[in-house]
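Within every chain, numbering begins at 1; the chains are lettered A, B, ... in the order of the sequence lines, protein sequences first and strands thereafter.
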Number of protein chains: 2
Amino acid sequence: MKSARRQPVGRKLVDADTSRARLLAAAATEFASHGFAGANVERIARGARLNKAMIYYHFKDKADLYREILRDMFGAVEARVTRMAASDDGPAAKIRGFVEAIALEADARPHFPPIWFREIADGGSHLDAATVSHISGILRVLAGIVQEGVAAGQFKPVSPLLVHGGIVGPLLLYFASGGLRLRMDRAGVSGASGFQRDEVVAHIQRVALGTLEGRMS
Amino acid sequence: MKSARRQPVGRKLVDADTSRARLLAAAATEFASHGFAGANVERIARGARLNKAMIYYHFKDKADLYREILRDMFGAVEARVTRMAASDDGPAAKIRGFVEAIALEADARPHFPPIWFREIADGGSHLDAATVSHISGILRVLAGIVQEGVAAGQFKPVSPLLVHGGIVGPLLLYFASGGLRLRMDRAGVSGASGFQRDEVVAHIQRVALGTLEGRMS
DNA sequence: GTCTATAAATAGATAGAC
DNA sequence: GTCTATCTATTTATAGAC
């Protein structure tokens, strides 16, 4: 059980500059750039200014390290949207807040959008029970907001999963495609990288609300 | 130059049951499931009922095989949207046609959505000039439709890249996440896999049009 | 906790027969 | 065109010293 949590309870896991925290940070970058299979433990160790053996001191193996990052990522998103939805704003403001929450999390953890895309492509093969629970919690929060809006007569009863796709699809696409857009730009596809983050978020907020308020058909 | 095209000109590359076509089909499945780094040439060969050596007879190496699949994929999408946009439908119908074209291509090439997601996460590191040109062609077609609609006074001048994200993000998310939704369903997240393809496509068509017709803010 | 050295396995690529 | 056998490099993971 050497991979069990060693930090004192209540202590931030990743913020502290422990070797474990540095490994997690380096691994997040590596997994985001190369995927689980393409990630190289030697590179992760070097990125953390340590050596490979330290990875196996703190984690059971590469997959264990990866799963820890997935749990952290989705746990953070779930916590953020849950906190947001606990406010006494109306449903429309909460939909905006939901979009904003995902975007803020992508700011705080830039590895989140690419890793999420890769995990989708993998069919979720690395998700453990805790992570699945976080994801389902995120969906439940959104479904609750929609339900609230419907009850208040402000929203049409659109399927929460359709709303979710309309928010998360474009949002992750934007945050995950920074490198690609730069590349396209250099290849002469103009305007691909000239894009304001806030403008994208605001657009997605408007579209999500428009969908829910039935201004679509 | 042993990887040069061997098929007679005008012959379908993938449909024929040649060893090369079988390798391409097996490789597409393998790359979609495991990504470039995670793909295994031995598995690809077995999937094509051949052996590893045949891969190196037809292709220079694993990367060459992968790039060929990318070119085929994006070439097919570009061809389809270009053909669609050449019709004399109005701009609204063409926006619907654009969404439909992407969806039809995802039906025809199920490896397309996951591979596209992975390539985004990779920052487009495997895209060669031909593939970049296909992608930029797809964007140009969409920009043209938007321009047409604006000129006809039917659309607001929304950035084509925002429209593109609003279409392609949710659409790829839906098509790429079949496996994950099934997994979530089995984990007790109800309704994740109970979804009609046509209903999703219709929803995305409505949202895209709503965006362009200015029914959002 | 941290390191060096190394074992062990995987997997991309090639040689050469048929 | 297709195969078997093999070479070689990479890389995950561990042993064991400090």
Side-chain angles (χ1 to χ4, degrees), chain A residues 1-8 11 13-14 16-31 33-70 118 122 125-126, chain B residues 1-8 11 13-70 118 122 125-126:
Chain A
M1 282 301 162
K2 62 175 174 164
S3 75
R5 188 150 307 178
R6 278 184 163 66
Q7 319 294 332
R11 178 82 121 71
L13 226 67
V14 177
D17 187 33
T18 60
S19 64
R20 190 170 194 280
R22 292 209 309 275
L23 283 171
L24 283 167
T29 303
E30 175 75 8
F31 286 128
S33 304
H34 304 283
F36 176 74
N40 182 307
V41 294
E42 174 78 46
R43 264 197 311 255
I44 292 174
R46 273 203 310 271
R49 305 189 312 278
L50 292 165
N51 52 72
K52 272 193 296 188
M54 281 305 286
I55 291 178
Y56 298 93
Y57 174 74
H58 283 296
F59 306 94
K60 184 177 167 294
D61 55 18
K62 184 177 157 182
D64 184 45
L65 171 55
Y66 183 59
R67 280 191 300 263
E68 174 112 2
I69 288 169
L70 290 181
R118 293 186 194 276
D122 278 348
S125 57
H126 299 94
Chain B
M1 285 299 161
K2 65 177 175 165
S3 76
R5 185 148 309 177
R6 278 182 161 67
Q7 318 295 329
R11 179 81 122 72
L13 226 65
V14 177
D15 287 5
D17 187 33
T18 60
S19 64
R20 190 170 194 279
R22 291 209 310 274
L23 283 172
L24 283 168
T29 303
E30 176 74 8
F31 287 128
S33 304
H34 303 283
F36 176 74
N40 181 307
V41 295
E42 174 77 45
R43 265 199 306 257
I44 293 174
R46 272 204 308 272
R49 304 189 313 278
L50 293 166
N51 52 72
K52 272 197 292 190
M54 281 306 285
I55 291 177
Y56 298 92
Y57 174 75
H58 282 296
F59 306 93
K60 182 176 168 295
D61 55 20
K62 185 177 157 181
D64 184 45
L65 171 55
Y66 184 58
R67 281 192 300 265
E68 174 112 4
I69 288 169
L70 290 180
R118 292 186 194 276
D122 278 347
S125 56
H126 299 94

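- Going from atom CZ of Phe59(A) over to atom P of dG1(C) covers 12 Å, rounded to whole Å.
- Residues Leu24(A) and Glu68(A) meet the side-chain proximity criterion, which asks for heavy atoms closer than 4.5 Å.
- At a threshold of 4.5 Å between non-hydrogen side-chain atoms, the residues Ile69(A) and Phe36(A) do not count as touching.
- Distance, Lys62(B) NZ to dT14(C) C1': 17 Å, rounded to whole Å.
- Candidate nucleotides dG1(C), dT2(D), dC3(D) were compared by shortest atom distance to the side chain of Ala53(B), and dC3(D) ranks first.
- Using a 4.0 Å heavy-atom cutoff across all strands shown, Ala48(B) reaches no nucleic acid atom at all.
- Rounded to whole Å, the distance from CG on Asp61(A) to C1' on dT10(C) is 16 Å.
- dA11(C) atom P lies 17 Å from atom CG of Leu65(B), rounded to whole Å.
- The separation between Phe31(A) atom CZ and dT12(D) atom C1' is 12 Å, rounded to whole Å.
- In this structure, Ile44(B) CD1 and Leu23(B) CG are separated by 8.0 Å, a value rounded to the nearest 0.5 Å.
- Regarding contacts with the backbone of dT12(D), a side-chain N or O of Asn40(A) is found under 4.0 angstrom from either OP1 or OP2.
- Here the side chains of Asp122(B) and Arg118(A) are in contact, with some heavy-atom distance below 4.5 Å.
- Taking 4.0 angstrom as the limit, Tyr56(B) places none of its side-chain polar atoms (N or O) nearer than this to OP1 or OP2 of dT14(C).
- In terms of position along DNA chain D, the nucleotide closest to Lys52(B) lies nearer the 5' end than the nucleotide closest to the other residue of the pair Lys52(B) and Lys52(A).
- Contact check for Arg20(A) versus Tyr57(A): no side-chain heavy atoms found under the 4.5 Å cut-off.
- Atom CZ of Arg49(B) and atom P of dC3(D) are 10 Å apart (whole Å).
- Out of dG1(D), dA13(D), dT2(C), the shortest distance to the side chain of Met54(B) is found at dG1(D).
- Across the protein-nucleic acid pair, Ile55(B) atom CD1 and dC3(D) atom P stand 12 Å apart, rounded to whole Å.
- Heavy atoms of Ala39(A) sit under 4.0 angstrom from primed sugar atoms or phosphate atoms, though from no base atom.
- Protein atom NE2 of His58(B) is 16 Å distant from nucleotide atom C1' of dT14(C), rounded to whole Å.
- Residue Asn51(A) places none of its side-chain N or O atoms closer than 4.0 Å to OP1 or OP2 of dT2(C).
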